[in-house]
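Only this structure's heavy atoms are used, side chains among them; waters, hydrogens and symmetry mates stay out. For the single chain, residues carry numbers from 1 onward in sequence order. Values in this document were obtained by computation on a predicted structure and should not be read as measured data.
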Amino acid sequence: MKIFITQCVRFCVGLSLLAASALPALALERPRERVVLTITGQIAVSNQGGAAVFDMAMLEALPQHRFATRTPWEPGVVRFSGPLLRDVLALVQARGQRLHATALNDYRITIPLQDARDFDVIIATRMNEQPMPVRTRGPLFVIYPFDSDPQLQNPRFYERSIWQLRSIEVIE
């Protein structure tokens, strides 16, 4: 019986150490390079004064999603890749209903949070396998998989595809 209790104690201590070592992985690391995306508002996870800030390496370290689609802005089919918007929002534990997205040129658009749930919207970091410079809609582009669903081929969704994304505020 004494051996059994000792083994149980060792197992529980080991399990709690394992759980404690996993906690830092749940925290959002701090950017090491230039910040390319700032998320504020109704979020539970932050890494800089109540905001969640990301450099490009942080975004590219997330699971990447890829699709090819036609857009109103480019001839032919274009390949995009980057993290799913819903994954980025889950990482910061977004709790709102809408996203106020702002571009580098101060263009602003409201995106229903439901879009991130209903469609595989990505924050594209690459177009045709290449990083996107500012002059070609980069460095970040919220893009919908337009060819995957006819309802996405609509001006309402084209307007929500904000390029040169700089920030997202999560609101009620």
Side-chain angles (χ1 to χ4, degrees), residues 28 31 33-48 51-172:
L28 187 60
E33 300 174 6
R34 182 176 61 86
V35 171
V36 295
L37 178 63
T38 301
I39 303 177
T40 59
Q42 301 294 313
I43 62 173
V45 176
S46 62
N47 59 357
Q48 183 176 306
V53 295
F54 295 83
D55 62 20
M56 191 62 74
M58 293 168 69
L59 291 171
E60 290 185 340
L62 295 172
Q64 301 293 290
H65 191 78
R66 293 167 176 73
F67 58 74
T69 191
R70 286 182 293 278
T71 76
W73 313 286
E74 298 286 334
V77 174
V78 183
R79 294 180 315 278
F80 293 97
S81 62
L84 288 168
L85 176 59
R86 70 174 151 258
D87 289 349
V88 175
L89 296 172
L91 182 63
V92 301
Q93 296 179 20
R95 300 184 305 259
Q97 298 299 315
R98 294 174 290 151
L99 309 172
H100 280 197
T102 304
L104 293 173
N105 66 358
D106 286 329
Y107 173 79
R108 297 166 198 259
I109 191 70
T110 299
I111 301 170
L113 190 69
Q114 192 64 41
D115 282 7
R117 294 182 189 117
D118 292 346
F119 308 108
D120 288 338
V121 180
I122 63 173
I123 299 177
T125 60
R126 296 182 176 268
M127 182 169 62
N128 293 325
E129 313 303 327
Q130 299 298 315
M132 295 179 290
V134 171
R135 65 178 154 64
T136 57
R137 298 187 181 86
L140 303 177
F141 190 167
V142 173
I143 189 80
Y144 289 69
F146 300 118
D147 289 349
S148 71
D149 189 329
Q151 73 173 320
L152 292 175
Q153 298 167 7
N154 179 303
R156 173 180 50 189
F157 294 104
Y158 297 147
E159 290 171 359
R160 294 176 187 169
S161 290
I162 181 172
W163 57 75
Q164 298 177 342
L165 177 68
R166 171 181 49 146
S167 64
I168 297 172
E169 179 185 12
V170 182
I171 61 172
E172 291 299 321

Student: To the nearest 0.5 Å, what is the distance between CG (Leu85) and CD1 (Ile111)?
Tutor: 6.5 Å
Student: Is there a side-chain contact between Asp147 and Phe67, using heavy atoms and a 4.5 Å cut-off?
Tutor: no
Student: Apply side-chain hydrogen bond (donor to acceptor under 3.5 Å, both in side chains) to Thr110 and list each qualifying residue two or more places apart in sequence or on a separate chain.
Tutor: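 Listed in chain order: His100.
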Student: Between Asp118 and Pro112, is there a side-chain heavy-atom distance shorter than 4.5 Å?
Tutor: no
Student: Would you name the heavy atoms of Ser46 and Ala51 that are closest together and state the gap between them?
Tutor: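 The pair with the smallest heavy-atom distance is CB-O, 3.1 Å.
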Student: If the test is side chain to side chain contact (heavy atoms under 4.5 Å, CB included), which one of Ile123, Leu99, Ile43 qualifies with Leu89?
Tutor: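 When side chain to side chain contact (heavy atoms under 4.5 Å, CB included) is applied between Leu89 and each of Ile123, Leu99, Ile43, only Leu99 qualifies.
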Student: Looking at CG of Leu165 and CG of Leu140, how far apart are the two atoms once the value is rounded to the nearest 0.5 Å?
Tutor: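 Reported to 0.5 Å precision, the distance equals 5.5 Å.
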Student: Could you measure the distance from the CE atom of Met58 to the CG atom of Leu91? Nearest 0.5 Å is fine.
Tutor: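 Met58 atom CE to Leu91 atom CG measures 7.5 Å (nearest 0.5 Å).
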Student: Quick one: closest heavy-atom pair of Met127 and Val78, and the distance?
Tutor: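 What the structure gives for the nearest pair is CG-CG1, 3.2 Å.
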Student: Can you tell me which residue pairs pass the side-chain hydrogen bond (donor to acceptor under 3.5 Å, both in side chains) test with a partner in residues 152-165, sequence neighbours excluded?
Tutor: Asp115-Arg160
Student: Drop me the distance from Asn128's CG to Glu74's CD, to the nearest 0.5 angstrom.
Tutor: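 The distance works out to 8.0 Å.
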Student: Return the CG to CZ distance between Leu84 and Arg117, rounded to the nearest 0.5 Å.
Tutor: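 Going from the CG atom of Leu84 to the CZ atom of Arg117 covers 14.0 Å.
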Student: Measure across Ala68 and Val77 and return the closest heavy-atom pair with its distance rounded to 0.1 Å.
Tutor: CB-CG1, 3.5 Å
Student: Side chain to side chain donor-acceptor pair (under 3.5 Å) with Arg166: which of Thr102, Thr38, Asn105, Asp106?
Tutor: Asp106
Student: Name all pairs fulfilling the salt bridge (Lys or Arg N to Asp or Glu O under 4.0 Å) condition that reach into residues 81-101, sequence neighbours left out, sorted by first residue then second.
Tutor: Arg86-Asp120
Student: Could you tell me whether the side chain of Leu104 reaches within less than 4.5 Å of the side chain of Pro139, counting heavy atoms only?
Tutor: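 Counting from C-beta outward, Pro139 and Leu104 do come under 4.5 Å.
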Student: With a 4.5 Å cut-off on side-chain heavy atoms, are Phe54 and Val92 touching?
Tutor: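 Counting from C-beta outward, Val92 and Phe54 do come under 4.5 Å.
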Student: Can you confirm whether Pro83 sits close enough to Ile122 that some side-chain heavy atom of one is under 4.5 Å from a side-chain heavy atom of the other?
Tutor: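 With C-beta onward as the side chain, the pair stays apart.
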Student: Let me confirm one number: the OH-CG distance from Tyr144 to Asp149, rounded to the nearest 0.5 Å.
Tutor: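 Tyr144 OH to Asp149 CG: 12.0 Å, rounded to 0.5 Å.
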Student: Could you tell me which non-hydrogen atom of Ala103 sits nearest to which non-hydrogen atom of Ile162, and how far apart they are?
Tutor: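 Ala103 and Ile162 have their closest heavy atoms at N-CD1, 3.5 Å.
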Student: For a quick test of reading the model, state the closest non-hydrogen atom pair linking Arg66 to Gln64 and the distance between them.
Tutor: NH1-CB, 3.6 Å
Student: Between Ala124 and Phe80, what is the shortest heavy-atom contact and its length?
Tutor: CB-CD2, 4.0 Å
